[in-house]
Amino acid sequence: MIVTLTMNPSVDRTAQLPAPLAVGGVNRIATVDDSPGGKGVNVARVLAAGGVEARAVFPAPPEDPFVTMCAGTGVVTSVVPATGAVRVNLTLADPDGTTTKINAPGPELDAATLDRARSTIADLARDAQWVVLCGSLPRGVGDDFYADLVTALRPAGARLAVDTSDAPLAALAARLPAAAPDLVKPNGEELGQLAGVDGAELERRAADGDTGPVVAAARALRDRGVGAVLVTLGGAGAVLVDDDETWFANAPAVQVRSTVGAGDSALAGYLLAGARGLPPRDRLAWAVGHGSVAASLPGTGLPLGLDPATFRATLRRLD
Ligand SMILES: O=P(O)(O)OC[C@@]1(O)O[C@H](CO)[C@@H](O)[C@@H]1O
């Protein structure tokens, strides 16, 4: 079983605009769609559709519409009882696939909810192959939350993945190697935050075809105890440093309709390939395959049950 934890889940509301977003102007909406989101929820949905037993853990009031929305997707959940309503995150989708995301802060969590979340995840970790800690932390949760959890869950034996950004990511970086996860999945900017280098420069260089700085930063993280580093670089492809192998994959040419959920789908693809015992090369191919299909779907569209024969990334070994 793979367990995901999303401390700040969200109803993802996608407003499809008939014309490009006019900042400061009046914008009309063509259609609106709501789906259950939050990084760990997305990961669990893709895993379950790929045939791997998965469970999404998140705090929410048990009667929150978000819980019903999740049930409608069939994803298995453990709801940690909380009081504040689940946030609504807005995606403004331009006709050309450009997305503008406006993420709400989410409800403040109290100490009792945090304790319940920690004990729920600790119980589930005992029977899990992976525990995947995902997304931003709402108010009331200290920046060290993930770093503390990685340390606390280590004796349970499950492998641990972290996909977050900003302050919680910086807190994790400050605690390496003691709190080193088995897997991190940063984008270029987050890799910069983790490795203490300029992420915008990493992304610029990768977009120009030079993945050298990304590879160097990812390898530096391995040297600091992180098991594997899967870096998603959007249209510039992806890099995986894993099992002492370094691989690059180009981004398959797809018509991008919404990048929301693409990183989560890439992470799920990596885990799906791993669950089949496949080597790093295939883990990266599956990651990129899932990520690119997600990017081709509107809103928080997820690749649910893909045929691996359709993965078209070109891979290059870099070591
Ligand atoms: O605010 P966070 O937790 O960083 O990100 C939340 C979020 O943007 O991440 C998912 C896409 O990765 C969406 O389903 C969701 O709206």
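Order of appearance sets the numbers: ligands from 1, and atoms from 1 within every ligand.
- Neither the backbone nor the side chain of Met7 has a heavy atom within less than 4.0 Å of ligand 1.
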Item to check | Step-by-step ring pair (Phe, Tyr, Trp, His ring centres under 6.0 Å) determination, Tyr270 to Trp286 | outcome: CA-CA 6 Å; Tyr270 172 96; Trp286 283 52; over 10 Å; no
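- For Glu189, the CD atom counts as loosely surrounded, since its 6.0 Å shell holds 12 or fewer non-hydrogen atoms of other residues, nucleotides or ligands.
- Using a 4.0 Å cut-off between charged side-chain N and carboxylate O, Asp242 and Arg283 make a salt bridge.
- When only interatomic distances are considered, the shortest N/O to N/O separation between Ser165 and ligand 1 does not fall below 3.5 Å.
- Close approach to Asp12 involves these atoms of ligand 1, each under 4.0 Å from a residue heavy atom: 13 (C), 14 (O), 15 (C), 16 (O).
- Each of Asp163, Val75, Leu302, Thr4 was scored for a side-chain contact (heavy atoms from CB on, under 4.5 Å) with Val43, with one residue passing: Thr4.
- Looking at ligand 1, you'll find an N or O of Asn103 within less than 3.5 Å of one of its N or O atoms.
- Hydrophobic clustering of Ile, Leu, Val, Met, Phe, Trp and Tyr side chains at less than 4.5 Å, counting indirect connections, keeps Leu202 apart from Trp247.
- Below 4.0 Å from some heavy atom of Arg87 lie the following atoms of ligand 1, by number and element: 1 (O), 2 (P), 3 (O), 6 (C).
- The shortest contact between atom 5 (O) of ligand 1 and any protein heavy atom is with Lys39 NZ, 3.3 Å.
- Every atom of ligand 1 with a heavy atom of Asn89 under 4.0 Å away is listed here by number and element: 6 (C), 15 (C), 16 (O).
- When non-hydrogen atoms are compared, ligand 1 lies under 4.0 Å from neither the backbone nor the side chain of Thr164.
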